Amino acid sequence: MTDPHGFLKVPRRPVPPRPVEERLGDWNEVYAGQARLPLVSEQAGRCMDCGIPFCHSGCPLGNLIPEWNAYAAKDDWWAAAERLHATNNFPEFTGRLCPAPCEDACVLTINADPVTIKNVEQAIADEIWARGYASPRPPERLSGRTVAIIGSGPAGLAAAQQLTRIGHTVAVYERADRIGGLLRYGIPAFKMEKQHLNRRIEQMRSEGTKFRTGVDVGSDLDAIELTRRHDAVVVAVGARGQRELPVPGRELHGIHQAMDYLTFANRVREGDYVSSPVTAEGKHVVIIGGGDTGSDCLGTALRQGATSVVQLDINPEPGEARRDTEPWPTYPKVYRISHAHEEGREREGTDPRIFSSATLRLEGDRHGHVRGIRLAEVEPEDRRPRPDTEHVISADLVLLALGFYGPERGTGLMKQLALTLDDRGNFARHADFAAETTERARSAERTARTGTDGIFIAGDAGRGQSLVVWAIAEGRSAAAAADRYLSGSTELPAPVAPRDRPLVA
């Protein structure tokens, strides 16, 4: 364990990002080139190694946080890497992209500042690769069974790696031209440079996983034919159905879905375009939606040279402290500032977000191009517009970052596999991914299943829009269910079940 008094001696000190002015001049990660190890080792020593580590409950992967904190504090990066990889296939993704609910569940949070768990995780993940601890792990023998994974986001990749390593022959089908799903085209490079994704894909290739890009299962390839070719199928297509904004003026030019905008920007980084077909350069940009996708659009627009950027959030501005209705160790709705918000605030001199704000209509010029947005303040309880609060703000480019309603409906995949929707609008499945008890093991044939033999649902397609840690956890659990279906039993871990939800009061 670490120094039992470390948290009393050492204050919390997160790894500082690069200066705003510097990082707005490139697309590199906000921490690129920052020295981390001495600071991270010191911060890892603040971990109390609690008798009941609630950080485990805050993380759906069940990461062994006190254990790898202890090894990081002692600069034992090999042992830290082993403990981190024991529960997480892709810590270099989560260390960069996860909002760290584990930190809000840290016991220190009760009356002090939590351990900088996210910084420690990213440092260990990077040391894994720098020190050569991520060598491929091909199976010792093949099972003779084949599995198709539809979708190559974090859930699909996690399921594929687990099933490949246990000995099944796995092929991943992706409709885009590159592997990675939203990790590839939805996440800006300043949050995660694609080298981290590329080298993990190469590791998986070396282990035996096959990748098929440019294949839209249900359209280019009949899904029923795919089930005939493989002994099991895991559907991990994500929740890509984008919510719309049904207000007057939606038909105007210059209004785009956020994910389309981010995809264009990422394709520029991949070399597909010299410049983005949809750029914020020289424009007044308004982002409608206060979540992470909106924040990603904000950072992207600033780097493209927008004249101004505003992010609208219909929710009221959160307070600085936890509310009584969101006690520790839940993930509270408090005032948080992303790196993009920090960049916008430093450039504009104020927070780029406007809270408690609803869009009434989009206004355009005589050429049919958007030029402004009519807003109104809303009541926090029912979001009804307040009287006499209407006003117009300038907008040359409007980005809709309203979230996702679930998997895309009416697709060939959905029809051919006879997939149905649950009451949340996601692909329906049975209650549990994988057995943890004898009683649950007896019902293995129906776990994580869609009602069709050998078909399993993983990730956002079955859960709805969620975090990267939930996607990886679901991929691992779906792999365990598929392995049990194919082999009669499994040694693969299953950290979550479909009905599990984040820790709430």
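Note that the structure is a prediction, hence the values are computed from the model and not measured.
- Atoms CD1 and CG, on I457 and L419 in that order, are 5.0 Å from each other to the nearest 0.5 Å.
- By the 6.0 Å and 45° rule, R267 stacks over the aromatic ring of Y185.
- Going from atom CG of L375 over to atom CD1 of I393 covers 4.5 Å, rounded to the nearest 0.5 Å.
- Looking only at side-chain heavy atoms (C-beta outward), F355 and P318 come within less than 4.5 Å of each other.
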| request: Apply the test side chain to side chain contact (heavy atoms under 4.5 Å, CB included) to residues V120 and N69: give CA-CA distance (whole Å), side-chain angles for both, the deciding distance (0.1 Å), then the verdict. | output: CA-CA 7 Å; V120 177; N69 270 334; 3.5 Å; yes
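- For the pair R353 and Y335, the cation sits on the ring face: its NZ or CZ lies under 6.0 Å from the ring centre, inside 45° of the axis.
- Listed for the Q257 side chain is no donor-acceptor partner under 3.5 Å among the backbone atoms of M259.
- With respect to the salt-bridge test (charged N to carboxylate O, under 4.0 angstrom), the residues E377 and R386 qualify.
- Separation of atoms CD1 (I124) and CZ (R83) is listed at 11.5 Å; rounding is to 0.5 Å.
- At least one side-chain heavy atom of C55 sits less than 4.5 Å from a side-chain heavy atom of I117.
- The pair R23-E343 meets the salt-bridge criterion, with a side-chain N (NZ, NE, NH1 or NH2) lying under 4.0 Å from an Asp/Glu carboxylate O.
- W27 and F190 have tilted rings, their planes meeting at an angle from 30° to 60° on a 0 to 90° scale.
- Take N266 and apply the side-chain hydrogen bond (donor to acceptor under 3.5 Å, both in side chains) test, not counting sequence neighbours, and it matches no residue.
- Sparse packing is recorded around CG of D324, with 12 or fewer heavy atoms of other residues, nucleotides or ligands lying under 6.0 Å away.
- Atom CZ of R336 sits in a crowded spot, with more than 12 heavy atoms from other residues, nucleotides or ligands closer than 6.0 Å.
- Applying the 6.0 Å contact sphere to CD of Q195 captures more than 12 heavy atoms from other residues, nucleotides or ligands.
- Checking side-chain atoms of R13 against main-chain N and O of V40 turns up no donor-acceptor pair under 3.5 Å.
- Side chains of V334 and E320 form no contact here, defined as non-hydrogen atoms less than 4.5 Å apart.
- Between the side chain of S276 and the backbone N or O of V278 there is at least one donor-acceptor pair closer than 3.5 Å.
- Heavy-atom minimum distance, P495 versus R476: CD-CB, 4.0 Å.
- If you look at F90 and H85, their ring centroids are not closer than 6.0 Å.
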| Stepwise salt bridge (Lys or Arg N to Asp or Glu O under 4.0 Å) test for R250 and E244 | CA-CA 9 Å; R250 172 61 182 89; E244 261 296 344; 2.8 Å; yes
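- We find that R12 and E103 are joined by a salt bridge, their nearest charged nitrogen and carboxylate oxygen being less than 4.0 Å apart.
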| E121 vs N88, side chain to side chain contact (heavy atoms under 4.5 Å, CB included): CA-CA, chis, key distance, verdict | CA-CA 11 Å; E121 180 178 10; N88 188 348; 3.3 Å; yes
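- Considering every non-hydrogen atom in both A479 and A159, the closest pair reads CB-O, 3.8 Å.
- The pair R184-E270 meets the salt-bridge criterion, with a side-chain N (NZ, NE, NH1 or NH2) lying under 4.0 Å from an Asp/Glu carboxylate O.
- Residues H56 and P66 have side chains in contact (heavy-atom distance under 4.5 Å, counting atoms from C-beta outward).
- Classification of K118 and D104 as a salt-bridged pair fails, no side-chain N sitting under 4.0 Å from a carboxylate O.
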| said: As a quick check of understanding, evaluate side chain to side chain donor-acceptor pair (under 3.5 Å) for S308 and H284, giving each step before the final call. | reply: CA-CA 5 Å; S308 67; H284 297 288; 2.7 Å; yes
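- Looking at every heavy atom in both residues, G364 comes nearest to L252 through N-CD1, 3.5 Å.
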| field | Working for salt bridge (Lys or Arg N to Asp or Glu O under 4.0 Å), residues R240 and E408 | value | CA-CA 6 Å; R240 297 294 298 273; E408 295 170 328; 5.7 Å; no
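- A donor-acceptor pair under 3.5 Å links the side-chain atoms of W328 to the main chain of A105, judged by distance alone.
- Under a cut-off of 6.0 angstrom, the local environment of CZ in R322 is crowded, with over 12 non-hydrogen atoms contributed by other residues, nucleotides or ligands.
- Considering CG of L397 and NE2 of H253, their distance stands at 14.0 Å, rounded to 0.5 Å.
- A donor-acceptor pair is defined here as one N or O able to donate and one able to accept, closer than 3.5 Å; such a pair exists between the side chain of E326 and the backbone of K333.
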| Stepwise, does the side chain to side chain contact (heavy atoms under 4.5 Å, CB included) test hold for L400 with H256? | CA-CA 6 Å; L400 306 182; H256 302 271; over 6 Å; no
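- The environment of R384 atom CZ is sparse: at most 12 non-hydrogen atoms of other residues, nucleotides or ligands sit within 6.0 angstrom.
- One finds a salt bridge joining R18 and E22 here, because a Lys/Arg side-chain nitrogen approaches an Asp/Glu carboxylate oxygen to under 4.0 Å.
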| When you look at E346 and H341, which way does the side chain to side chain donor-acceptor pair (under 3.5 Å) test go after all the steps? | CA-CA 9 Å; E346 183 159 322; H341 295 143; over 6 Å; no
Between side-chain atoms of residues 287-297 and protein atoms elsewhere (two or more places apart, or another chain), which donor-acceptor pairs fall under 3.5 Å?
residue : atom : partner : partner atom : Å
S295    : OG   : S338    : OG           : 2.7
D296    : OD1  : K191    : NZ           : 3.1

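- Taking NE2 of H391 as the reference point, atom CD1 of I373 lies at 10.0 Å (rounded to 0.5 Å).
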| query | Between S356 and E317, is a side chain to side chain donor-acceptor pair (under 3.5 Å) present by the stated rule, with each step listed? | reply | CA-CA 7 Å; S356 298; E317 182 175 332; over 6 Å; no
| message | Between Y261 and Q304, does the side chain to side chain donor-acceptor pair (under 3.5 Å) criterion hold? Intermediate values first, please. | response | CA-CA 12 Å; Y261 171 70; Q304 288 179 340; 2.6 Å; yes
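- Considering every non-hydrogen atom in both S477 and V496, the closest pair reads OG-O, 2.8 Å.
- Taking both residues in full, the closest heavy atoms of A376 and L360 are given as CB-CD1, 3.8 Å, listed atom of the first, atom of the second, then distance.
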| Residues R371, D365; criterion salt bridge (Lys or Arg N to Asp or Glu O under 4.0 Å); working and verdict | CA-CA 6 Å; R371 291 298 177 223; D365 59 20; 2.9 Å; yes
| request: Apply the test side chain to side chain contact (heavy atoms under 4.5 Å, CB included) to residues F427 and L421: give CA-CA distance (whole Å), side-chain angles for both, the deciding distance (0.1 Å), then the verdict. | output: CA-CA 5 Å; F427 288 152; L421 300 176; 3.9 Å; yes
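- With respect to R96 and E193, no salt bridge is recorded, no charged nitrogen being found less than 4.0 Å from a carboxylate O.
- Shortest non-hydrogen contact noted between P114 and L108 is CA-CB, 4.1 Å.
- Within 6.0 Å of CD in E21 there are 12 or fewer heavy atoms belonging to other residues, nucleotides or ligands.
- Between R36 and E127 there is no salt bridge, since no side-chain N of the basic residue sits under 4.0 Å from a carboxylate O of the acidic one.
- At a threshold of 4.0 Å, the pair R463-D422 does not count as salt-bridged, since none of the basic side-chain nitrogens sits closer than that to a carboxylate oxygen.
- Taking CZ of F404 as the start and OG of S466 as the end, the distance is 12.5 Å to the nearest 0.5 Å.
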